[in-house]
Protein chains: 2
Amino acid sequence: MARTTTMKRIAGQLGVSITTVSKVLNNRDDIGDATRARVLAKVAELGYQPNAVARSLTLRRTHTLGIVVPDLMHSFFVEIVAGVEAVASARGYGLLLCCSNEDPKKERADLDLLRQRQVDGVVLGSANASGNTDMLKDLSGHGVGLVMIDRDDHPDVRCDRVVTDDLEVGRLATAHLVEQGRRALAHIAGPAIVHARRRADGYREALAAAGIRAHTEWIARGGFMEADGYRAMKRLLGVKPRIDGVFAANDPAAIGAMKAIWEARLRVPEDIAVVGAGDIALGDLLRVPLTTVSWSREEQGRRAGELILDRIETEGASKFRRVIVPPHLVARRSSGAVA
Amino acid sequence: MARTTTMKRIAGQLGVSITTVSKVLNNRDDIGDATRARVLAKVAELGYQPNAVARSLTLRRTHTLGIVVPDLMHSFFVEIVAGVEAVASARGYGLLLCCSNEDPKKERADLDLLRQRQVDGVVLGSANASGNTDMLKDLSGHGVGLVMIDRDDHPDVRCDRVVTDDLEVGRLATAHLVEQGRRALAHIAGPAIVHARRRADGYREALAAAGIRAHTEWIARGGFMEADGYRAMKRLLGVKPRIDGVFAANDPAAIGAMKAIWEARLRVPEDIAVVGAGDIALGDLLRVPLTTVSWSREEQGRRAGELILDRIETEGASKFRRVIVPPHLVARRSSGAVA
DNA sequence: TCAAGTTACTTTAGCGATAAAGTTTGAGCG
DNA sequence: CGCTCAAACTTTATCGCTAAAGTAACTTGA
């Protein structure tokens with residue numbers, strides 16, 4: 001293994017002090033042109049690369065961000081990661097990736113790892129509420145920038161947030177079904193987290209706005225998994241008079257719902273129109289392409305990255321911000337909007 | 001921002017030397033039980049967390065791996081990342097993620113970033129050959145572990161490799177079509193890289209093994225993009241007597257091919273059976289679920305992580321290994337194998 | 001009883017860099 | 001001609017931690 005080139009070596013070969021080399025590389029103005037040139041030449045000759053670890057130790061800045069997501073198999077989170085990576089890399093930051101597998105214990109270990117590695121900031125991808133409030137407070141208390149994406153738990157952790165307008169998600173989906181002429185509109189609700197509740201609220205608001213009286217049996221408790229949507233839809237199929245449109249709290253649930261509908265020998269969208277939320281990758285390649293309400297995860301990631309880097313790179317602590325990424329409808333076949 | 005707890009602080013409060021604290025935390029046996037207990041108590045009281053940056057500087061080991069992939073929107077690479085993350089994290093390593101966007105310049109910048117951050121090892125995800133051989137040699141020359149996944153370029157870079165058996169991919173796909181009773185078997189070739197060539201070789205071998213004489217016009221120059229497959233299929237549709245089966249070099253190309261077939265008012269698989277390669281996520285949710293030859297990317301990632309960590313954590317330099325991940329057929333509707 | 005070990009620590013040095021506080025040299029000036 | 005000052009460097013201290021080399025106090029053994 002070849003010896004690495006350090007400032008010491010450069011300084012040694014030139015007979016100058018290490019500090020002189022450091023100053024040249026940091027563009028200080030108290031070094032003469034001749035010396036500067038000699039140092040630069042040596043740097044090029046030896047292919048010197050600064051040791052970021054040493055630099056981090058003195059500067060107390062690692063130029064590294066951490067990101068914790070619950071799952072990498074879901075395109076959702078990957079797109080967020082991609083967004084963060086793009087801005088981090090463009091600004092010269094590294095990105096330490098952690099995948100918590102939806103496990104609070106692992107999330108805790110991940111946050112620990114990031115903390116020990118002295119990252120300058122942490123992006124926390126959406127996950128179910130977990131008991132790691134203490135860690136988060138600790139992190140942000142120690143000057144580590146923190147951004148939470150799509151999370152409204154940990155209300156007392158002071159940090160920036162990038163969230164979706166879930167109320168609007170529910171409203172857009174439901175209003176779209178109304179526009180398609182559907183009137184018996186069911187909702188497959190998600191799990192007991194704010195996102196899902198807000199989407200349900202949006203559903204109710206849109207119904208009210210359209211002057212439709214919501215039947216209580218139109219709302220089926222479901223979940224975010226395909227199986228949840230399937231089971232919920234089975235139950236909704238028993239409701240009389242028959243449902244003619246469903247808004248599922250997310251896309252996997254909507255896919256489950258479609259499977260249940262087909263099993264009952266009904267057609268999508270002719271008999272029942274389906275709308276999901278979240279726009280999973282390849283959602284447009286399904287047997288019946290799925291209409292969904294979407295928002296850019298990549299933008300969420302980018303905004304998160306920007307929030308955090310701005311906070312890190314500007315001195316005085318500014319107010320914590322909350323960026324709302326607006327959703328939009330992606331009309332496809334399952335709602336009858338597209339032939 | 002609260003003061004961070006360092007060994008110095010602990011030592012100070014207890015009136016012992018910093019080294020004593022260090023020794024306790026590193027489980028050295030030349031510290032008395034009483035002192036050990038006092039230190040441990042203080043560590044717990046102050047919630048001390050070691051500073052990995054300082055540790056890395058002295059130990060010359062960052063306990064961090066880097067991974068460079070060309071694209072995060074392709075599930076392919078994400079799964080590899082997930083595999084590497086899993087083993088890295090399980091063994092206490094962090095993972096620095098870089099996405100080169102298929103751009104050799106960015107790849108170079110990424111490798112630079114990883115090098116400066118002194119990562120212990122680098123996993124290089126598949127990408128087109130690029131001119132960064134010098135960087136790679138440099139890295140591995142400086143004792144950084146290097147694993148290349150699915151890359152056979154840079155033949156003179158000495159490192160571990162995890163590859164797929166592309167020849168077998170081509171053979172499996174083609175033999176499967178033969179088993180389905182197809183005889184006029186076209187191949188949509190990929191771009192001019194070894195993987196694609198080997199898959200084409202496998203196609204030829206399987207035809208020969210089945211005693212089928214391959215017509216030259218059965219092989220259409222294509223690519224790895226959906227549009228490539230679409231265009232290639234358009235051309236293949238003009239071949240007489242009509243093709244009754246196609247093996248596309250990868251799944252996106254196969255999807256493009258199916259679109260072209262449908263546009264020609266033909267059916268998949270009744271008129272033309274289609275087989276892809278790579279098993280993209282959700283491939284089973286397509287209008288006509290796609291038969292494909294697949295292999296576990298997650299396993300590729302895991303194996304890569306293991307190779308690299310083993311190399312890092314064992315002293316003497318062992319021989320460079322080459323791990324071959326075997327492919328297997330995933331039979332779905334597009335080849336007529338499943339109803 | 002005293003040299004030779006142990007035991008349980010402490011001191012010193014160094015990882016590779018930066019920042020703050022010197023030091024030397026020559027110029028400018030009254 | 002001596003004094004001040006700026007320019008161009010160097011020295012010293014430090015970041016937080018570990019490894020190697022001390023060093024006291026206490027055993028041990030012949």
Side-chain angles (χ1 to χ4, degrees), chain A residues 1-40 42-43 46-64 92 115-120 142-144, chain B residues 1-40 42-43 46-64 115-120 142-143:
Chain A
M1 151 167 47
R3 270 178 64 66
T4 21
T5 304
T6 64
M7 287 191 168
K8 194 181 191 174
R9 225 142 87 81
I10 292 181
Q13 296 201 15
L14 293 175
V16 300
S17 76
I18 298 177
T19 305
T20 300
V21 177
S22 167
K23 285 185 170 175
V24 169
L25 293 172
N26 289 292
N27 273 315
R28 306 281 151 171
D29 55 6
D30 61 345
I31 298 293
D33 292 341
T35 310
R36 181 177 301 271
R38 284 203 315 142
V39 170
L40 257 17
K42 207 52 159 181
V43 162
L46 301 183
Y48 168 79
Q49 297 270 126
N51 180 322
V53 174
R55 217 147 181 286
S56 300
L57 185 59
T58 26
L59 297 180
R60 275 95 168 287
R61 291 276 300 287
T62 50
H63 282 265
T64 301
R115 200 247 251 243
Q116 292 190 180
R117 280 190 178 51
Q118 311 283 118
V119 294
D120 297 334
H142 281 274
V144 176
Chain B
M1 150 166 47
R3 268 180 66 67
T4 22
T5 304
T6 64
M7 287 190 167
K8 192 182 191 174
R9 227 143 85 82
I10 293 181
Q13 295 200 15
L14 293 176
V16 299
S17 75
I18 297 177
T19 306
T20 301
V21 178
S22 167
K23 286 186 169 175
V24 169
L25 294 172
N26 290 293
N27 274 313
R28 307 281 148 169
D29 55 7
D30 61 344
I31 297 292
D33 291 343
T35 311
R36 182 177 299 271
R38 285 204 313 142
V39 170
L40 256 17
K42 207 47 154 184
V43 161
L46 300 184
Y48 168 79
Q49 296 271 126
N51 180 324
V53 173
R55 219 148 178 286
S56 301
L57 187 58
T58 23
L59 297 180
R60 275 93 163 279
R61 291 276 300 287
T62 50
H63 282 263
T64 300
R115 199 247 252 243
Q116 296 194 358
R117 277 182 179 59
Q118 313 283 120
V119 294
D120 297 334
H142 281 273

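Keep in mind it's a predicted model, so treat the numbers as computed, not measured. Sequence lines set the chain letters: A, B, ... in the order given, protein chains first and strands last, and positions in each chain run from 1.
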Problem - A:N51 CG to B:R115 CZ distance, which is reported to the nearest 0.5 Å - result: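 Answer rounded to 0.5 Å: 10.5 Å.
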Exercise for the section: With rounding to the nearest 0.5 Å, note down the distance linking CD in B:Q116 to CZ in A:R55. Expected result: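 Here the interatomic distance stands at 8.5 Å.
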Practice task
Decide whether A:R117 and B:T64 meet the rule of one side-chain donor and one side-chain acceptor closer than 3.5 Å.
Solution key: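 Yes - a donor-acceptor pair under 3.5 Å links their side chains.
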Problem - No-hydrogen, no-angle side-chain donor-acceptor test under 3.5 Å, B:T19 and B:S22 - result: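 No, no side-chain donor-acceptor pair sits under 3.5 Å.
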Exercise for the section: May I ask you to decide if A:Q118's main-chain N or O and A:T62's side chain share a donor-acceptor pair within less than 3.5 Å? Expected result: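 Side chain of A:T62 to backbone of A:Q118, a donor-acceptor pair under 3.5 Å: yes, one is there.
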[X] has an atom [atom1]; how far is it from atom [atom2] of [N], in whole Å?
X      : N      : atom1 : atom2 : value
B:R117 : C:dG16 : CZ    : C1'   : 16 Å
B:I31  : C:dT7  : CD1   : P     : 13 Å
A:R9   : C:dG14 : CZ    : P     : 18 Å

Handout entry: Sugar-phosphate, base or nothing in reach of A:T35, heavy atoms under 4.0 Å
Key =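 Sugar-phosphate: the residue A:T35, judged by heavy atoms under 4.0 Å, touches backbone atoms but no base.
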Completion exercise
Quick tally for nucleotides 11-21 of chain D: nucleotides whose base has a protein heavy atom under 4.0 Å get B, sugar-phosphate-only ones S, the rest -, giving BB--BBBBBB-
Handout entry: Test item: B:V43 and B:V39 side chains (from C-beta on) under 4.5 Å apart, heavy atoms
Key =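 Of all side-chain heavy-atom pairs linking B:V39 with B:V43, at least one is under 4.5 Å.
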